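Everything below concerns the one structure shown next.
Note: hydrogens, waters and symmetry copies are ignored here, and every other heavy atom, side chains too, is used. Worth saying up front: this structure is predicted, and the values here are computed from it rather than measured. Indexing begins at 1, ligand by ligand and atom by atom, following the structure's order.
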Amino acid sequence: MPQIITQIANKMHISWQKELANVVTDPKELLELVSIDANKYLQHFKARQLFPVRVPRPFIDKMIKGDINDPLLKQVMPLNNEFLVTDGFSTDPLEEHDTVAKGLLHKYKHRVLMIVKAGCAINCRYCFRRHFPYQDNSPSKADWQEALTYIAEHTEINEVIFSGGDPLMANDEHLRWLVEQIENISHIKRLRIHTRLPVVIPQRVTLALVNVLKSSRLKATIVLHINHPNEINTELDDALAPLISARIPLFNQSVLLKGINDDAQILSALSEKLFDSGIQPYYLHMFDKVQGVAHFEVEEQTAINIVNETMAILPGFLMPKLVREIAGEANKTPINLT
Ligand code: SF4
């Protein structure tokens with residue numbers, strides 16, 4: 001036991017940048033790390049040509065060893081099903097190609113979504129942005145400046161949402177600069193950060209990041225992306241503690257995924273665990289119909305049944321809202337549960 005504690009302590013001393021440089025990109029290595037015979041799954045590996053494999057090691061540590069159906073492994077394991085072309089699925093289901101400035105999407109009247117950084121620490125196979133042309137929208141500081149000018153000129157905007165990719169892929173100094181620029185735009189009241197990075201590399205919650213958010217005049221919130229209770233462990237709790245102490249509200253959004261969390265017991269366990277960790281369940285997203293990942297789809301009626309079952313287990317304040325994003329709609333569309 002003392003040896004395990006020492007190993008965990010040592011891991012927490014690895015910087016987030018080192019973890020990032022050390023992500024697993026080879027599916028064979030991924031399977032070997034979770035004690036699965038990779039030779040049985042070689043036929044699936046070519047799906048990495050469609051979307052590269054990227055899995056940080058702290059995320060792999062949370063997987064159940066020897067289980068090919070582990071719910072965390074299934075989120076990152078390439079499958080040859082990804083080559084199937086399915087009617088009704090597209091490469092840009094939310095039509096996010098309409099940027100108003102490089103890396104800036106203005107889908108909602110009062111909010112803008114700023115692609116602070118292209119790319120993520122982890123590549124989730126179901127990602128609705130897996131075909132997004134990140135290389136054309138990878139913003140530089142000059143692009144950020146163009147986006148800031150747009151935000152300053154549009155006084156109806158009161159909230160900036162940092163997105164990506166994952167915005168926490170930007171380093172703390174760059175984030176500090178960006179937050180300061182946004183603070184100088186008087187009509188912006190709130191800053192929201194959508195990120196999965198603390199879940200997959202908990203060391204990303206640095207003191208410098210907490211200080212930037214804590215000392216800002218903007219009301220900062222963080223929306224995490226956690227799909228399964230096994231993604232929450234003591235390392236994540238420890239990483240989030242300084243944000244909670246700094247009174248930065250933490251929310252969670254999940255995606256309803258077949259074979260991963262399409263079950264009332266799993267969803268209720270997730271909400272309970274989120275709340276124990278100081279995170280408020282917020283949205284449960286219907287899957288976005290992105291080409292190549294139809295095998296994750298949960299039909300709408302099945303989703304409604306699962307959510308109704310979950311509501312019978314959980315108190316109302318732990319129920320995330322079941323929603324779907326529809327291209328061109330001004331906000332997320334709640335799913336009618338009756
Ligand atoms: S973290 Fe989010 S944006 Fe990045 S690959 Fe996963 S689902 Fe997509």
Inset, instruction - Let me know which of K62, K273, Q75 forms a side-chain hydrogen bond (donor to acceptor under 3.5 Å, both in side chains) with E231. - result: Q75
Legend entry - Partners meeting side-chain contact (heavy atoms from CB on, under 4.5 Å) with L42 (sequence neighbours left out): N39, F45
Legend entry - Distance-only donor-acceptor check, side chains D172 and H174, under 3.5 Å: no
Inset, instruction - Say whether I122 and ligand 1 are in contact under the criterion: heavy-atom distance to a ligand atom below 4.0 Å. - result: yes
Inset, instruction - Tell me which part of H225 gets within contact of ligand 1: side chain, backbone, both or neither, using heavy atoms under 4.0 Å. - result: side chain
Inset, instruction - Enumerate the residue pairs fulfilling side chain to side chain donor-acceptor pair (under 3.5 Å) with a member in residues 245-255, sequence neighbours excluded, ordered by first and then second residue. - result: N252-S254, Q253-H285
Legend entry - Proximal candidate to atom 6 (Fe) of ligand 1 [heavy atom criterion; set C124, S163, A121, C127]: C124
Inset, instruction - Below 4.0 angstrom from a heavy atom of R196, which ligand 1 atoms are there? Numbered from 1 as shown, please. - result: 1 (S)
Inset, instruction - Check whether any N, O or S atom of C120, backbone or side chain, sits closer than 2.8 Å to atom 8 (Fe) of ligand 1. - result: no
Legend entry - Side-chain H-bond candidate by donor/acceptor type, S140 with D143, under 3.5 Å: yes
